[in-house]
Amino acid sequence: MAAEKELEAEGQGLTRTLKDLFAGAAGGVAQVLAGQPFDIVKVRLQTTKQYTGALNCATQIWKNEGPAAFYKGTLTPLLGIGACVSVQFGAFHWARRAFETRNEASSPLAPPNLSYAQYYASGAFAGIANSVISGPIEHVRIRLQTQPHGAARLYNGPLDCVRKLSAHEGVLRGLYRGEAVTILREAQAYGVWFLTFEYLMNADTRRNGIKRDEVSTPKVAFYGGLAGEALWIASYPFDVVKSKMQSDGFGEGMKFKGMRDCFAQTWRAEGIGGFWKGIGPTLLRAMPVSAGTFAVVEMTMRLIN
């Protein structure tokens, strides 16, 4: 009897994880389609000095490369970010349930609610798990977004980019360049992201005396948008260093020896402001993208449950 209950619990856990992964994938597709035009402006501002600001960057891209340029490199994230967000939500809820089980075992009479430190830790775990996928995906996207336009372009598409990056110094030092700072960024970013969203949702349910699935969709989207703003404010300097490293040259054209060297050179050359270049369009993008992601994930979970 005990063995049957254990098998049933394992089956339920697997079902919940599959649902989390599916809902996350749906949210990831929404995230890419809404955020890609903002993302290319952010990357260009982070990695070059030819633009005076976000509006000037967007205007020049439109004028010189056409409107389709705002979706350069979209195929890779469209396929990959769906997987990334799927992993984020799957890993977050797996870690959350592990903490709930631990809390319940230590205090059987109390509800197994997570502390906010545990919410942050669950989000950080999700970010680290996600970094294995997001590191190379974002590297390819950045290369495609920053390559010369027209006949001077370096890569014919995502697969050609993967092949050429891997050929330089191997997969780990080529395709996975900047992975250390990616892990730091993902842990901090998604720790804060999930913590902020869960705090706002929990505060709403307590304040109004309702269940989580009774929180209205506009509120879910608004809380998700605020979580997106918090994510970028908390992790943006790591993202700048990541973009600089992943758009850097190879061999004699390499400017940065590693993450620490990139931090040091950015500080010496640009001061603290160098770590916040492109923050304007990033925060402008964060609200609708994060709002759409959480709204789609939350509504998908309600439908499939």
Side-chain angles (χ1 to χ4, degrees), residues 20-21 23-36 38-39 42 77 81-82 84-97 99 113-131 134 138 182 184-208 210-239 276 278-302:
D20 294 335
L21 292 171
V29 172
Q31 184 180 114
V32 173
L33 294 178
Q36 186 71 359
F38 295 97
D39 190 71
K42 179 202 77 169
I81 297 300
C84 284
V85 180
S86 178
V87 168
Q88 289 163 19
F89 279 88
F92 171 76
H93 287 295
W94 182 87
R96 177 183 61 78
R97 284 192 288 271
F99 277 123
N113 296 329
L114 271 64
S115 68
Y116 288 114
Q118 289 173 328
Y119 276 125
Y120 177 86
S122 298
F125 172 75
I128 293 170
N130 173 62
S131 66
S134 67
E138 292 195 12
T182 299
L184 291 175
R185 186 201 68 171
E186 298 287 79
Q188 171 69 352
Y190 291 104
V192 170
W193 197 47
F194 282 109
L195 167 63
T196 303
F197 180 73
E198 294 298 328
Y199 171 80
L200 293 170
M201 290 289 285
N202 290 344
D204 190 295
T205 58
R206 286 196 304 270
R207 185 171 58 249
N208 296 303
I210 58 176
K211 296 179 181 179
R212 184 187 179 99
D213 59 8
E214 294 175 327
V215 178
S216 68
T217 302
K219 281 187 175 181
V220 171
F222 179 62
Y223 298 153
L226 292 178
E229 300 293 304
L231 176 156
W232 283 109
I233 291 171
S235 64
Y236 198 75
F238 291 117
D239 189 70
W276 296 96
I279 188 65
T282 301
L283 293 179
L284 188 64
R285 165 187 180 268
M287 178 65 79
V289 167
S290 186
T293 301
F294 273 110
V296 169
V297 169
E298 195 77 14
M299 294 310 108
T300 302
M301 286 301 296
R302 292 179 188 182

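Residues passing the ring-ring contact (aromatic ring centres under 6.0 Å, His included) test with Phe222, sequence neighbours excluded: none. With sequence neighbours excluded, the residues forming a ring-ring contact (aromatic ring centres under 6.0 Å, His included) with Phe194 are Phe89, Phe92, listed by chain and number. With sequence neighbours left out, the side chain to side chain contact (heavy atoms under 4.5 Å, CB included) criterion links Thr282 to Lys42, Trp232, Tyr236. By the side chain to side chain contact (heavy atoms under 4.5 Å, CB included) test, Ala295 is found to be paired with Ala221, residues two or more places apart in sequence or in another chain being considered. Every residue two or more places apart in sequence or in another chain was checked for a salt bridge (Lys or Arg N to Asp or Glu O under 4.0 Å) with Glu229, and none qualifies. Legend: residues meeting side-chain hydrogen bond (donor to acceptor under 3.5 Å, both in side chains) with Tyr120, ordered by chain and number and at least two apart, are Gln188. Judged as a side chain to side chain contact (heavy atoms under 4.5 Å, CB included), and not counting sequence neighbours, the contacts of Ala95 are Ser122, Phe125. By the salt bridge (Lys or Arg N to Asp or Glu O under 4.0 Å) test, Arg207 pairs with Asp204, sequence neighbours left out. Remark: Arg302 pairs with no residue by the side-chain hydrogen bond (donor to acceptor under 3.5 Å, both in side chains) rule, at least two apart or across chains.
Applying the salt bridge (Lys or Arg N to Asp or Glu O under 4.0 Å) definition to pairs two or more places apart or across chains, those involving residues 184-193 are Glu138-Arg185, Arg185-Asp239.
Minimum heavy-atom separation, Gln118 to Leu114: OE1-CA, 3.4 Å. Of all non-hydrogen atoms in Asn202 and Tyr119, the two that sit nearest each other are ND2-OH, 3.3 Å. Scanning both residues, Ser134 and Thr182, for their nearest heavy atoms gives OG-CG2, 4.0 Å. The shortest heavy-atom contact between Ala230 and Thr196 is CB-OG1, 3.6 Å. In terms of heavy atoms, Thr217 sits closest to Met299 at OG1-SD, 3.1 Å. Taking all atoms of both residues into account, the shortest heavy-atom contact from Trp193 to Ala227 is CD1-O, 3.3 Å.
A distance of 8.0 Å separates OH in Tyr190 from OG in Ser235, rounded to the nearest 0.5 Å. Atoms CZ and OG1, on Phe197 and Thr293 in that order, are 10.5 Å from each other to the nearest 0.5 Å. We find the CG-CD1 distance between Leu184 and Ile128 to be 8.5 Å, quoted to the nearest 0.5 Å.
Within the 3.5 Å criterion, the main-chain N or O of Lys211 finds no donor-acceptor partner in the side chain of Thr205.
For Tyr199 and Tyr116, the gap between ring centers is short of 6.0 Å.
Between Glu198 and Arg212 a salt bridge is recorded (basic side-chain N to carboxylate O distance below 4.0 Å).
Counting heavy atoms from C-beta outward, Lys219 and Leu200 have side chains that stay 4.5 Å or more apart.
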